Structure formats: C-alpha cells, structure tokens
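Taking it in order: structure first as structure tokens, then the write-up.
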Amino acid sequence: DAGVTQSPTHLIKTRGQQVTLRCSPKSGHDTVSWYQQALGQGPQFIFQYYEEEERQRGNFPDRFSGHQFPNYSSELNVNALLLGDSALYLCASSSTEAPFYGYTFGSGTRLTVV
Amino acid sequence: QKEVEQNSGPLSVPEGAIASLNCTYSDRVSQSFFWYRQYSGKSPELIMSIYSNGDKEDGRFTAQLNKASQYVSLLIRDSQPSDSATYLCAVERSGAGSYQLTFGKGTKLSVIP
C-alpha cells in the first residue's frame with residue numbers, strides 16, 4: 001500500500017531559478033495539499049488541490065503555483081527562487097469520502113537555494 | 001490572527017514516565033484537532049485526531065480536548081526513548097470552507113533512558 005510519494009528528495013537551486021516538485025497521493029486519496037516547513041518551525045499551508053483546481057490558498061506569493069492531474073497527482077512550482085524559499089516542502093493527501101481519517105504526509109523534498 | 005501555540009521545550013522525561021504536551025489555539029471555529037510526531041529530518045506522522053470535547057485514548061496515547069478553553073493536550077504514558085521527537089499540534093476548521101491545517105511550532109520531547 002503506497003503512501004504519499006514525493007520527488008525529488010533533495011534539490012539544490014540557484015537564486016532566481018525555477019523549481020518543480022512532484023507528489024503522488026496515497027491510494028484512494030483525491031486531495032493534495034502542499035506545506036512549507038522552515039527549520040525549527042511548524043509546516044505552513046501553501047495551497048490545496050481538489051478536482052484539479054486550487055481549492056484554498058495560504059499566505060504565499062504568486063511565485064508559488066501548482067497543478068493537479070486527473071490521476072490526483074500534483075506539482076508545486078516555485079518561480080524566481082529566493083534564499084528564503086529554502087525549506088522542507090511537504091505534500092499531504094486526504095480523501096473527501098467519509099469518514100475523514102486526516103492527512104497523510106509524504107517524506108518531503110528538501111530544497112536548498114544558494 | 002489564527003494561531004496555534006505550543007511550548008517549544010525541550011521537554012525531558014525519564015523512561016516510563018508520563019509526558020504531557022499542551023497546545024492552545026485562537027480560532028474558536030476550529031473543529032478538528034491533530035497531533036503529529038516528527039522525527040528529526042523526517043515528515044510528520046499522524047498520532048491522534050480528536051473532534052469532540054473529552055478524552056480519546058489509543059494505546060499509550062491520550063488526546064484531551066476542551067473547546068471552551070481552546071485547549072488540546074496529548075499524554076504519552078510509559079514514555080519510551082523511541083518517543084523522542086518533535087510533537088506538532090494542528091487544528092483545522094473543517095466544513096467551514098477551510099481545508100488547511102494550522103500548525104504550532106512543535107514541542108521537542110526527549111525521553112531519557
């Protein structure tokens with residue numbers, strides 16, 4: 001039973017570049033959320049995708065964008081990278097079918113911007 | 001400002017003792033409450049979820065919720081060294097047009113053998 005899969009696991013980018021992170025949700029899940037976790041902080045909500053549309057967005061600039069595909073997998077794109085974008089990016093999946101069992105997190109992508 | 005507050009710790013307890021982790025939240029509309037465990041360098045792992053006032057027990061873990069006081073806690077009985085991790089409290093509005101988890105900064109727990 002595959003859980004949430006994220007790729008790549010680690011990434012080093014230069015300031016100003018663009019990056020794409022990928023997520024495959026847990027089997028049976030149809031919703032994907034993305035979180036950014038800076039060192040020593042709790043995860044911060046970026047946005048959530050359901051039915052291939054952005055359903056809700058957190059307090060992140062437009063440089064952060066995403067996409068959800070028909071198979072429920074998702075991408076997070078970050079343009080014009082800043083040093084402050086260095087963080088662990090977590091994907092969490094869930095199901096809209098009752099009962100709700102909570103969100104399952106992937107192992108994350110560690111992004112370092114130099 | 002919706003916030004979730006946790007003591008950052010570190011909280012140190014001897015092996016076999018009860019560890020008590022606390023969390024307060026400011027958004028009264030919050031309906032769902034979660035405790036996640038995060039080992040260093042790893043992703044958060046769901047430990048407990050609680051939706052109604054009172055206690056919910058699962059093995060060595062007990063979650064307690066008091067919506068009137070806007071307070072949620074996690075008790076870990078018979079603490080083991082493998083419980084040493086950061087514990088994240090998260091809240092969600094659920095069903096009120098909000099689908100995001102708001103996390104605290106986490107409490108670092110250290111169980112001393």
Side-chain angles (χ1 to χ4, degrees), chain A residues 3-7 9-10 21 23 25-26 29-51 53-60 64 66 68 87-96 98-112, chain B residues 1-10 21 23-27 29-52 56 58 61 63 72 74 85-108:
Chain A
V4 179
T5 304
Q6 290 188 245
S7 62
T9 55
H10 295 84
L21 311 181
C23 172
K26 182 177 179 179
H29 286 186
D30 55 6
T31 301
V32 173
S33 305
W34 287 92
Y35 289 80
Q36 180 195 66
Q37 186 175 24
L39 203 60
Q41 303 294 314
Q44 280 198 296
F45 177 77
I46 303 175
F47 40 55
Q48 185 182 85
Y49 276 84
Y50 171 65
E51 292 188 332
E53 291 191 356
E54 182 182 291
R55 180 155 74 166
Q56 186 170 9
R57 187 179 184 89
N59 189 25
F60 278 80
F64 290 78
Q68 186 179 34
L88 179 67
Y89 287 84
L90 296 163
C91 170
S93 71
S94 59
S95 173
T96 53
F100 179 67
Y101 289 112
Y103 298 88
T104 302
F105 281 83
S107 56
T109 294
R110 174 74 61 185
L111 173 65
T112 303
Chain B
Q1 178 85 18
K2 305 178 185 63
E3 290 186 349
V4 176
E5 301 283 346
Q6 295 182 253
N7 290 327
S8 60
L21 305 165
C23 172
T24 59
Y25 59 94
S26 61
D27 186 0
V29 186
S30 297
Q31 297 182 24
S32 303
F33 305 86
F34 306 91
W35 283 99
Y36 283 85
R37 177 176 63 197
Q38 187 173 30
Y39 293 111
S40 181
K42 303 296 184 182
S43 63
E45 174 191 8
L46 182 63
I47 298 297
M48 293 284 289
S49 59
I50 187 166
Y51 308 102
S52 304
K56 179 182 177 182
D58 183 1
F61 299 95
V72 59
L74 179 69
T86 295
Y87 289 80
L88 297 163
C89 172
V91 306
E92 185 188 44
R93 280 189 165 190
S94 299
S98 176
Y99 306 98
Q100 67 180 76
L101 289 175
T102 301
F103 284 86
K105 291 184 178 181
T107 297
K108 187 172 183 179

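Quick note on labels: first sequence line is chain A, next is B, and so on, each numbered from 1. It should be emphasised that the depicted structure is a prediction, and the values quoted were computed from it without experimental measurement.
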- Note on the structure: Taken to the nearest 0.5 Å, the spacing of B/Leu101 CG from A/Phe105 CZ works out to 5.5 Å
- Note on the structure: Bottom line for A/Leu88: the part with an atom under 4.5 Å from chain B's heavy atoms is side chain
- At a heavy-atom separation under 4.5 Å, does B/Gln38 approach chain A through its side chain, its backbone, both, or neither? side chain
- Message: Measuring from atom CD of A/Gln44 to atom CD of B/Gln100, what distance do you get when rounded to the nearest 0.5 angstrom?
- Response: 10.0 Å
- Query: Considering all heavy atoms of both residues, which atom of B/Leu46 and which atom of A/Gly102 are nearest to each other, and what is their separation?
  - Reply: CD2-CA, 4.5 Å
- Item | Structural part of A/Gln48 lying under 4.5 Å from a heavy atom of chain B | side chain
- Task: Pick one of side chain, backbone, both or neither for A/Tyr50, based on which atoms fall under 4.5 Å of a heavy atom in chain B.
- Result: neither
- Given side chains that start at C-beta, do those of B/Phe103 and A/Gln37 come closer than 4.5 Å, heavy atoms only? no
- Note on the structure: Given A/Gly42, A/Pro43, A/Ser107, the one with more heavy-atom pairs under 4.5 angstrom with chain B than any other is A/Pro43
- Note on the structure: If you tally heavy-atom pairs under 4.5 Å between each of B/Gly41, B/Gly106, B/Pro44, B/Ser49 and chain A, the highest tally belongs to B/Pro44
- Separation between OG of B/Ser43 and OH of A/Tyr35, rounded to the nearest 0.5 Å: 13.5 Å
- Message: I need the B/Thr102 OG1 to A/Phe45 CZ distance, nearest 0.5 Å.
- Response: 9.0 Å
